[in-house]
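Report on the structure given below.
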Amino acid sequence: GSGILGMGACAMGHRVSAVGIDIDVDACRIANANAEANDLPMRSYLPPLIETDDDESKSLLLKAHAYASAQNVTEDLILPNANDIQYNICVANILAAPLVALAPTLLRMIRPGGYLGMSGILPQQGKTVVEAYQKAGFENVEIAKEMGGWILVTGRRERF
């Protein structure tokens, strides 16, 4: 998922750091432990709660936050200052429903002109993901590749 992508990016160069966003509390905790064990500058978080019209996505986010709260790990796993941080590149490898829910969050987290690459999407879900990211404000959103029954969706945050 997002943890392995971030750790892989960090391992590519000494000036690379990464922030992972995942809707699974345990995935965040495991990714953080693995990054620490491998001395990689990466940290995984749950996304902040956001407004979405998609009931399934809203349910996933609420369940993740409720589970984190029940485990008393919200301070460690809720992304601090989510509105103040922006990145050049975002890669994601999670299912379509969470990707749709994360579209507004990822738009805020990517610098104008920054790139987006998402996998973990079934071909029949591609149109839904593309439309969600176009609606959020990304440009050039397209299904870039299909391989092994999965697709890659790419896009770019508008420059302005």
Notebook entry, point to check: Between D26, V25, D24, which is the residue that forms a side chain to side chain contact (heavy atoms under 4.5 Å, CB included) with D22?
Noted result: D24
Checklist line | Closest contact, heavy atoms only, C90 versus I110 | finding: CB-CD1, 3.5 Å
Margin query: Can a side-chain donor-acceptor contact be found between N140 and R156 if the only test is distance below 3.5 angstrom?
Written below: no
Margin query: Ignoring hydrogens, what is the shortest heavy-atom contact between C28 and L46? Give both atom names and the distance.
Written below: SG-N, 4.0 Å
Note to self: Under the criterion side-chain contact (heavy atoms from CB on, under 4.5 Å), I'd like the reasoning laid out for M109 against I21: C-alpha separation, chi angles, the key distance, then a yes or no.
What the structure shows: CA-CA 11 Å; M109 293 182 70; I21 302 293; 4.1 Å; yes
Next item on the list: Check whether any side-chain heavy atom of Y115 lies under 4.5 Å from a side-chain heavy atom of N88, and answer yes or no.
Entry: no
Check: Shortest non-hydrogen contact from A31 to G3?
Finding: CB-CA, 3.9 Å
Item checked: Considering all heavy atoms, the nearest A132-A103 contact -> O-CB, 4.0 Å
Next item on the list: Would you mind reporting whether V130 and T128 have side-chain heavy atoms less than 4.5 Å apart?
Entry: no
Margin query: The test is side-chain contact (heavy atoms from CB on, under 4.5 Å); show your working for N34 and I4 and say whether it passes.
Written below: CA-CA 9 Å; N34 286 334; I4 194 67; over 6 Å; no
Notebook entry, point to check: Does a side-chain heavy-atom distance below 4.5 Å link L152 with I143?
Noted result: no
Notebook entry, point to check: Between CD1 of I121 and CG of L95, what distance do you get to the nearest 0.5 Å?
Noted result: 9.5 Å
Notebook entry, point to check: Quick one: CG on L5 to SG on C10, what's the gap to the nearest 0.5 Å?
Noted result: 11.0 Å
Check: More than 12 heavy atoms of other residues, nucleotides or ligands under 6.0 Å from CD of E142: is that the case?
Finding: yes
Note to self: Treating N32 as the side-chain partner and S44 as the backbone partner, does any N or O pair qualify as donor plus acceptor under 3.5 Å?
What the structure shows: yes
Margin query: Determine whether R157 and L116 satisfy the following criterion, side-chain contact (heavy atoms from CB on, under 4.5 Å), listing intermediate values before the conclusion.
Written below: CA-CA 8 Å; R157 180 168 176 193; L116 176 67; over 6 Å; no
Notebook entry, point to check: How long is the gap from CZ on R159 to CD on E139, to the nearest 0.5 Å?
Noted result: 7.5 Å
Check: Heavy atoms, side chains only, cut-off 4.5 Å: are V100 and L102 in contact?
Finding: no
Next item on the list: Specify the closest pair of heavy atoms between V19 and Y45, including all atoms of both residues, with the distance to one decimal.
Entry: CG1-CD1, 3.8 Å
Checklist line | Rounded distance (nearest 0.5 Å) linking atom CG of N93 with atom CG of L99 | finding: 8.5 Å
Checklist line | Spacing of OG belonging to S119 relative to CD belonging to E146, to within rounding of 0.5 Å | finding: 13.0 Å
Note to self: So L40 and M7, do their side chains get closer than 4.5 Å, heavy atoms only?
What the structure shows: yes
Checklist line | Closest heavy-atom pair and its distance - R29, L77 | finding: CG-CD1, 3.8 Å
Next item on the list: Please confirm whether the backbone N or O of L122 pairs with a side-chain atom of Q125, one donor and one acceptor, at under 3.5 Å?
Entry: yes
Next item on the list: Report whether V16 and Y87 are members of the same hydrophobic cluster (ILVMFWY, side-chain heavy atoms less than 4.5 Å apart, transitive linking).
Entry: no
Next item on the list: Step by step, work out the side-chain contact (heavy atoms from CB on, under 4.5 Å) result for Y133 and M118.
Entry: CA-CA 11 Å; Y133 280 79; M118 301 175 288; 3.5 Å; yes
